[in-house]
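What follows is a set of notes on a single structure, which appears directly below.
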Amino acid sequence: MAKILVTGGAGYIGSHTRYALEKRGHSVVVADNLSRGYKDAVPAGMLRVIDISETEKMERLLREEAVEAVIHFAAYIAVGESTEKPELYFSNNVSGSLALFEAMLAAGVKRVVFSSSAASYGIPKKVPIPEDEPAAPINPYGESKVMVEVMMRWLDKYRGLRGIPLRYFNACGAEPAAGLGERHDPETHLIPLMLRAVQTGKPMTIFGDDYPTPDGTCIRDYIHVSDLADAHVLCVEHLLNGGASDAFNVGTGDGHSVREVLDAVERVTGKPVPHTMGPRREGDPPSLVADSQKLRRALGWTPQRADLDRIVSDAWAFAQGHR
Ligand code: UFG
């Protein structure tokens, strides 16, 4: 079992991955600057409040804790914000990642799993999207992920930094028994917004019903956050066992429309979702579904919680405990 540093481990996917690593018997230290994460998502004693850009502090931490591999989540994730302040995304997501990689090289830690995104594909030509679909991001957030993946490829080739970027589709769901779930501020994601509408009675907006899809609403690949977390555990173990660098999509391979998600939320909560129909949101592709065969074949990953009602009911259990 290994000692693993999780950057951004106080955030949504980071906290679930920390939990999955511990369940597998790994020892974890979390580095998070708490700018967007939650202290109570990390067990007492495990958190180091440090920014990934603080290279010297990070190098010291890696050495003192005898870290063997890093799972790197710390980043900003809001597409809209990235179009208002691209510089924030290049500074935090790109320069921050470079500073972290420099600290890793200085400390001799040469294994990293990186939180990338389906946003790197932009509006893909092929759906389901295979990993060799060219990178063509349509916003600075997606570009920031592509830039880090590019750095990783060169650092792998010339510095032996073995790395796996995981390109997530739509992370959702929760681990309510562990008190973990989705808490973004402001919240922009579909399922938590629908659950909030159920709880508050204030309508949410569906962004467009005139897309070229069967019911006119956008199709996405909703992947349970704990299935995502399991993919990180498999990838970090693969690297620790001497496995090579590679990039993988993480999605279920099944698409659901916004209307189908709404139906699932109504089934699970037993209540109507107050909503209005609005115009399309800028930059939303009609359909994003993963071809996830590569990760299944290479590492034997299979999503265990792919059923949409299961995803919604976990998110609902967490949302009810957090109001
Ligand atoms: N949607 C609504 N109303 C809302 C919010 C979302 O109708 O209030 C719709 C969107 O138009 C989209 C779907 O619900 O069709 C999902 O939207 P989310 O905002 O939940 O997720 P995105 O697909 O936009 O974003 C996700 C990740 C991003 C990533 C992006 C592209 O959260 O980090 O996929 O891969 F950049």
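All ligand and atom numbering here is 1-based and tracks the order in the structure. Every heavy atom of this structure was used, including side-chain atoms; hydrogens, water molecules and symmetry mates were not. Model, not experiment: these values are computed from the prediction.
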Open item on the list: Starting from atom 34 (O) of ligand 1, what is the nearest protein heavy atom, named by residue and atom, and what distance separates them?
Closed with: N170 OD1, 3.9 Å

TODO: Tell me, please, whether F248 has R167 positioned over its six-membered ring: NZ or CZ under 6.0 Å from the ring centre and within 45 degrees of its axis?
DONE: no

Open item on the list: Looking at ligand 1, is there an atom of it that comes within less than 4.0 Å of some heavy atom belonging to Y222?
Closed with: yes

Task: Atom indices of ligand 1, in the order listed, that fall short of 4.0 Å to a heavy atom of I206 - done: 7 (O)

- [ ] Check ligand 1 against T188 and write out every atom of the ligand that is under 4.0 Å from a heavy-atom position of the residue.
- [x] 5 (C), 19 (O)

TODO: Report, in ascending order of atom number, the atoms of ligand 1 lying under 4.0 Å from any heavy atom of D284.
DONE: 10 (C), 11 (O), 24 (O)

Open item on the list: At under 4.0 Å between heavy atoms, is it the side chain or the backbone of Y121 that contacts ligand 1, or both, or neither?
Closed with: neither

Task: Side-chain ion pair, R310 and D314, N-O less than 4.0 Å - done: yes

Open item on the list: Using the rule side-chain hydrogen bond (donor to acceptor under 3.5 Å, both in side chains), only one of Q304, R305, H16 pairs with D227; which is it?
Closed with: R305

Open item on the list: For T205, which part has a heavy atom under 4.0 Å from ligand 1: side chain, backbone, both, or neither?
Closed with: backbone

Task: Sub-4.0 Å protein heavy atom near atom 30 (C) of ligand 1 - done: no

Task: Stepwise salt bridge (Lys or Arg N to Asp or Glu O under 4.0 Å) check, K294 with D246 - done: CA-CA 10 Å; K294 191 174 164 190; D246 209 342; 2.7 Å; yes

Task: Which segment of L190 sits under 4.0 Å of ligand 1 when only heavy atoms are counted - done: both

TODO: Could you list which atoms of ligand 1 come closer than 4.0 Å to a heavy atom of L193?
DONE: 8 (O)

Task: Residues Y141, E81; criterion side chain to side chain donor-acceptor pair (under 3.5 Å); working and verdict - done: CA-CA 9 Å; Y141 164 72; E81 182 186 51; over 6 Å; no

Open item on the list: Would you say that L61 contacts L5 through its side chain, given a criterion of any heavy-atom pair below 4.5 Å between the two side chains?
Closed with: yes

- [ ] Looking only at protein heavy atoms, identify the closest one to atom 32 (O) of ligand 1 and say how far it is in Å.
- [x] H189 NE2, 2.7 Å

Open item on the list: Strictly distance-based, threshold 3.5 Å: is any side-chain N or O of S117 a donor or acceptor partner for the main-chain N or O of S120?
Closed with: no

TODO: Would you verify whether the NZ or CZ of R220 falls within 45 degrees of the ring axis of F169 while also being under 6.0 Å from that six-membered ring's centre?
DONE: no

Open item on the list: Hydrogens and angles aside, do D209 and T217 bring a side-chain donor and acceptor to less than 3.5 Å of each other?
Closed with: no

Open item on the list: If you measure every N or O of L288 against every N or O of ligand 1, does any of those distances drop under 3.5 Å?
Closed with: no

- [ ] Please write down residue, atom name and distance for the protein heavy atom closest to atom 28 (C) of ligand 1.
- [x] Y141 CE2, 4.3 Å

Open item on the list: Counting non-hydrogen protein atoms only, what is the nearest one to atom 15 (O) of ligand 1? Give residue, atom name and distance.
Closed with: C218 CB, 3.0 Å

Task: Residue, atom name and distance, where the atom is the protein heavy atom closest to atom 7 (O) of ligand 1 - done: F207 N, 2.9 Å

TODO: Flag this pair as yes if the NZ/CZ of R183 is under 6.0 angstrom from the six-membered ring centre of Y38 and inside a 45 degree cone about the axis; otherwise no.
DONE: yes

Task: Co-members of Y19 in a cluster of I, L, V, M, F, W and Y side chains, linked at under 4.5 Å - done: L180

Task: ligand 1 contact on T217 by region, counting heavy-atom pairs under 4.0 Å - done: neither

- [ ] Please work out whether any backbone atom (N, CA, C, O) or any side-chain heavy atom from C-beta onward of A118 is under 4.0 Å from ligand 1, and answer side chain, backbone, both or neither.
- [x] both

TODO: For S53 and D51, test the side chains for any donor-to-acceptor distance below 3.5 angstrom and give the result as yes or no.
DONE: yes

Task: Shortest protein heavy-atom distance from atom 17 (O) of ligand 1, along with the residue and atom involved - done: R281 NH2, 3.5 Å

- [ ] Taking only heavy atoms of S117 into account, list the atoms of ligand 1 that are under 4.0 Å away from them.
- [x] 29 (C), 35 (O), 36 (F)

TODO: Provide the number and element of each atom of ligand 1 under 4.0 Å from a heavy atom of V79.
DONE: 36 (F)

- [ ] Report the nearest protein non-hydrogen atom to atom 9 (C) of ligand 1: residue, atom name, distance rounded to 0.1 Å.
- [x] V258 CG2, 3.9 Å

Open item on the list: Looking only at protein heavy atoms, which one is nearest to atom 35 (O) of ligand 1, and what is the separation?
Closed with: A119 N, 3.1 Å

Name every donor-acceptor pair, under 3.5 Å, that has one atom in a side chain of residues 152-160 and the other anywhere in the protein, sequence neighbours excluded.
{"residue": "D156", "atom": "OD1", "partner": "R162", "partner atom": "NH1", "Å": "2.5"}
{"residue": "D156", "atom": "OD1", "partner": "S245", "partner atom": "OG", "Å": "3.1"}
{"residue": "D156", "atom": "OD2", "partner": "S245", "partner atom": "OG", "Å": "3.3"}

